[in-house]
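Working notes, beginning with the structure itself.
Small disclaimer: the values here were computed from a predicted structure and weren't measured. Residue numbers run from 1 in the order of the sequence given. Remember, it's 1-based here, ligands and their atoms both numbered in the order they're listed.
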Amino acid sequence: MKVAIASDHGGIKIREEIKQLMDELQIPYEDFGCECSTSVDYPDYALPVAEKVAQGEFDRGILICGTGIGMSIAANKVKGVRCALVHDVYSAKLTRQHNDSNVLAMGERVVGPGLAREIAQAWLTNEFEGGRHANRIGKIADYEGK
Ligand code: RB5
């Protein structure tokens, strides 16, 4: 599994925390910024990561901004992306098992680094259950025209 990760200026600390986690878990990743000390626009980071996941260049994406909301809205505009905005460990696990989410969004102004790490670990290590859930995801893909 290869992961693309990015944040805006509001998510830099958690981005670093999650990169450290992926180092520990020996999960390969690429960091797509931001290298920012000033305010940047979250779509400039969400859309490239989402496109890389949709095109199969990366298996998963992780996006962090202040709330996670802007990142998740932008990422979900890309066909084939199922971005889950998650701020608890239970949802992190279930969105992998039931939704096969391929992008995770979190808000650094919502969760601290410790919880963000647990959320990311649950999301990175749980697998899709398929079955009836695959049928449901198929209906979303049909709607997208894929
Ligand atoms: C930036 O101030 C903030 O709006 C952004 O990080 C994010 O929370 C948007 O959804």
Side-chain angles (χ1 to χ4, degrees), residues 1-128 133 136-146:
M1 175 170 60
K2 200 172 162 201
V3 178
I5 186 167
S7 78
D8 73 358
H9 54 284
I12 295 171
K13 284 182 195 151
I14 284 185
R15 190 176 96 225
E16 292 307 314
E17 184 75 32
I18 304 310
K19 283 164 57 183
Q20 195 180 321
L21 170 71
M22 291 195 285
D23 285 335
E24 289 166 19
L25 296 175
Q26 299 185 320
I27 294 173
Y29 63 83
E30 198 168 324
D31 184 351
F32 291 94
C34 67
E35 299 303 327
C36 39
S37 52
T38 55
S39 187
V40 297
D41 299 332
Y42 57 80
D44 294 340
Y45 297 89
L47 294 170
V49 164
E51 283 180 352
K52 287 173 202 305
V53 172
Q55 289 161 9
E57 194 182 332
F58 288 82
D59 304 294
R60 308 259 197 101
I62 299 180
L63 296 166
I64 307 111
C65 64
T67 60
I69 296 171
M71 286 292 202
S72 63
I73 291 172
N76 277 317
K77 296 296 180 191
V78 177
K79 277 186 184 178
V81 166
R82 293 176 300 279
C83 177
L85 172 59
V86 174
H87 290 129
D88 68 275
V89 176
Y90 178 78
S91 299
K93 179 179 164 190
L94 267 288
T95 191
R96 283 292 310 131
Q97 294 178 343
H98 290 190
N99 313 123
D100 198 17
S101 55
N102 49 13
V103 178
L104 170 69
M106 288 187 284
E108 184 171 295
R109 297 176 192 160
V110 183
V111 290
L115 179 53
R117 168 183 271 264
E118 287 191 26
I119 289 166
Q121 181 154 0
W123 188 77
L124 287 165
T125 57
N126 273 279
E127 293 304 324
F128 182 46
H133 304 297
R136 293 163 185 168
I137 287 171
K139 291 188 178 187
I140 298 170
D142 288 348
Y143 181 81
E144 285 182 316
K146 288 186 81 75

When only distance counts, is Asp8 in polar contact with ligand 1, meaning an N/O pair under 3.5 Å?
yes
Decide salt bridge (charged side-chain N to carboxylate O under 4.0 Å, His left out) for Glu17 and Arg117; before the verdict, give the C-alpha distance in whole Å, the side-chain angles of both, and the deciding distance to 0.1 Å.
CA-CA 7 Å; Glu17 184 75 32; Arg117 168 183 271 264; 2.8 Å; yes
Verdict with supporting geometry, Glu16 and Lys13, salt bridge (charged side-chain N to carboxylate O under 4.0 Å, His left out):
CA-CA 5 Å; Glu16 292 307 314; Lys13 284 182 195 151; over 6 Å; no
Here the pair of heavy atoms bringing Ala75 nearest to Leu63 is CB-CD1, 3.8 Å
Side chains of Ile14 and Val111: does their closest heavy-atom pair fall under 4.5 Å?
yes
Mark up the atoms of ligand 1 that fall under 4.0 Å of a heavy atom belonging to Gly66, in ascending order.
5 (C), 6 (O), 7 (C), 8 (O)
Among all the protein's non-hydrogen atoms, which is closest to atom 2 (O) of ligand 1, and how far away is it?
Arg109 NH2, 3.4 Å
With respect to Gly10, determine whether any N or O atom, backbone or side chain, lies less than 3.5 Å from an N or O atom of ligand 1.
no
Indicate whether atom 6 (O) of ligand 1 is within a distance of less than 4.0 angstrom of some protein heavy atom.
yes
Which residue and atom name correspond to the protein heavy atom nearest atom 10 (O) of ligand 1, and how close is it?
Gly70 N, 2.8 Å
Straight-line distance of Leu104 CG to Cys83 SG, nearest 0.5 Å
7.0 Å
What are the two closest non-hydrogen atoms of Arg60 and Trp123, and how far apart are they?
NH1-O, 3.0 Å
Is the closest heavy atom of His9 to ligand 1 under 4.0 Å?
yes
Protein contact to atom 8 (O) of ligand 1 [nearest heavy atom, distance to 0.1 Å]:
Thr67 N, 2.9 Å
Look at the aromatic rings of His98 and His133 and report parallel, tilted or perpendicular, splitting at 30° and 60°.
parallel
For Met71, is at least one N or O under 3.5 Å away from an N or O on ligand 1?
no
